[in-house]
Asker: 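Quick one: the structure is below, and I'll ask about it shortly.
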Amino acid sequence: MQLLDGKYLSEKLKVEIAEAAAKILNETGRQPHLVAVLVGHDGGSETYVASKIKNCEKVGFKSTLVRFEDDVTEDELLLKVEELNADADIDGIIVQLPLPKHIDPEKVTERIDHRKDVDGFHPVNLGRMQRNLPSFIPATPYGITLMLKEYGIETAGKHCVVVGRSNIVGSPMSILMARNTTPGNCTVTICHSRTPDIKKFTLDADILIVAIGKKNFITADMVKDGVVVIDVGMNRETSALTKSGFKLYGDVDFDNVAPKASWITPVPGGVGLMTIIGLLKNTLASANKEVYN
């Protein structure tokens, strides 16, 4: 078993991103600029946004945080998104999910200019991704493909099983792994909550990508020897044994599955760190006009 080490790889790639950002600053006098919109005070969202801003600063990006209270109206939020769309100094816009129940997240996502949609959730970007055209790829799937590529994991001709079908991870991940690209060219199976006998499919996986949001859902008896395991799960539980007061668990029973795997991501220290890289690389691509002129 070898670790797909997100901590090592993310630090390596941040150096490359910082060099590219410095080149933009030297040539144009401006920094890549990411704006994060945060509604309310959800603990997880606060943590995620703070991490994104911290990493922007680390690689030489300009970052702006726009905050609203929980009682902001949908119209007020949409008006702010349109204002950000019109600002030529902004390269990327993200609206942190989840949003309060009175705000339609799909309406907000679709209002973001697809040319600044560095989360990769806009229907235009998802459609272009499916057609293998230049697009902003959802950050977590993008980070996973970067990890597979950097570690030289062979994907062509392999059976990739994706557990979970969310629009954020599972669905776009399945498209990326099936595309005629590298990494890609897999035969892909998607499993989800309505799939009977998921074990039947996971046992046949050469590459298993798990994003179902259930602690230790994948157990050792559900995988074959030599499988490549990508654990997207981030299940947080309170713990008196850690300094932070909580402990993170993946969707995979790491201790028991790892001995059977050829490669596996840890939690924490795996996919979560690569998600930030996907976001930074999308923002950099936007600043360089690599996707849309």
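This one's a predicted model, so the numbers in the text were calculated from it and none came from an experiment.
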Asker: Kindly give the heavy-atom pair with the smallest separation between Lys116 and Asp87, and that separation in Å.
Answerer: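 Looks like NZ-O, 2.6 Å.
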
Asker: Quick one: do Lys54 and Glu57 make a salt bridge, cutoff under 4.0 Å?
Answerer: no

Asker: Which atom pair, heavy atoms only, marks the closest approach of Lys14 to Glu11?
Answerer: NZ-OE2, 3.0 Å

Asker: Any pair with a residue in residues 218-232 that passes side-chain hydrogen bond (donor to acceptor under 3.5 Å, both in side chains), sequence neighbours left out, goes on the list, sorted by first then second residue, please.
Answerer: Lys199-Asp221, Asp206-Lys224, Thr219-Asp221

Asker: Taking atom types as modelled, is there a side-chain donor on His41 or Glu46 under 3.5 Å from an acceptor on the other?
Answerer: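 Yes, a side-chain donor-acceptor pair sits under 3.5 Å.
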
Asker: Minimum heavy-atom separation for Val39 and Glu69, please, with both atom names.
Answerer: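 What the structure gives for the nearest pair is CG1-O, 3.6 Å.
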
Asker: For a quick test of your reading: what N or O donor-acceptor pairs under 3.5 Å do the side chains of residues 16-28 make, sequence neighbours left out?
Answerer:
unit_1	atom_1	unit_2	atom_2	d
Glu16	OE2	Lys12	NZ	3.4
Thr28	OG1	Ile24	O	2.7
Thr28	OG1	Arg30	N	3.3

Asker: Show me the donor-acceptor pairs, under 3.5 Å and distance only, between side chains in residues 165-176 and residues at least two apart or in other chains.
Answerer:
unit_1	atom_1	unit_2	atom_2	d
Arg165	NH1	His192	ND1	3.4
Ser166	OG	Ile168	N	3.4
Ser166	OG	Val169	N	3.0
Ser174	OG	Ser171	O	2.6

Asker: Quick one: do Gln130 and Leu126 satisfy side chain to side chain contact (heavy atoms under 4.5 Å, CB included)? Show the steps, please.
Answerer: CA-CA 6 Å; Gln130 192 274 333; Leu126 291 174; over 6 Å; no

Asker: With sequence neighbours left out, write down each residue that passes ring-ring contact (aromatic ring centres under 6.0 Å, His included) with Phe68, or none if nothing qualifies.
Answerer: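 By the ring-ring contact (aromatic ring centres under 6.0 Å, His included) rule, Phe68 matches no residue at all.
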
Asker: Considering all heavy atoms of both residues, which atom of Glu150 and which atom of Leu13 are nearest to each other, and what is their separation?
Answerer: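 Glu150 and Leu13 have their closest heavy atoms at OE2-CD2, 3.8 Å.
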
Asker: Of all residues at least two apart in sequence or in a different chain, which pass the side chain to side chain contact (heavy atoms under 4.5 Å, CB included) check with Lys7?
Answerer: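 Expected list: Asp5, Leu273.
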
Asker: For Asp251 and Asn216, indicate whether the former's side chain and the latter's backbone hold a donor-acceptor pair under 3.5 Å.
Answerer: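 Looks like no, no N/O pair under 3.5 Å.
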
Asker: Within the 3.5 Å criterion, strictly below it, is a donor on Asn185 or Asn180 matched to an acceptor on the partner's side chain?
Answerer: yes

Asker: Could I get the full list of ring-ring contact (aromatic ring centres under 6.0 Å, His included) partners for His114, not counting sequence neighbours?
Answerer: His122, Tyr292

Asker: In a check of side chain to side chain contact (heavy atoms under 4.5 Å, CB included) between Leu208 and each of Ile218, Leu203, Ile230, Val252, which one passes?
Answerer: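 That would be Ile218.
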
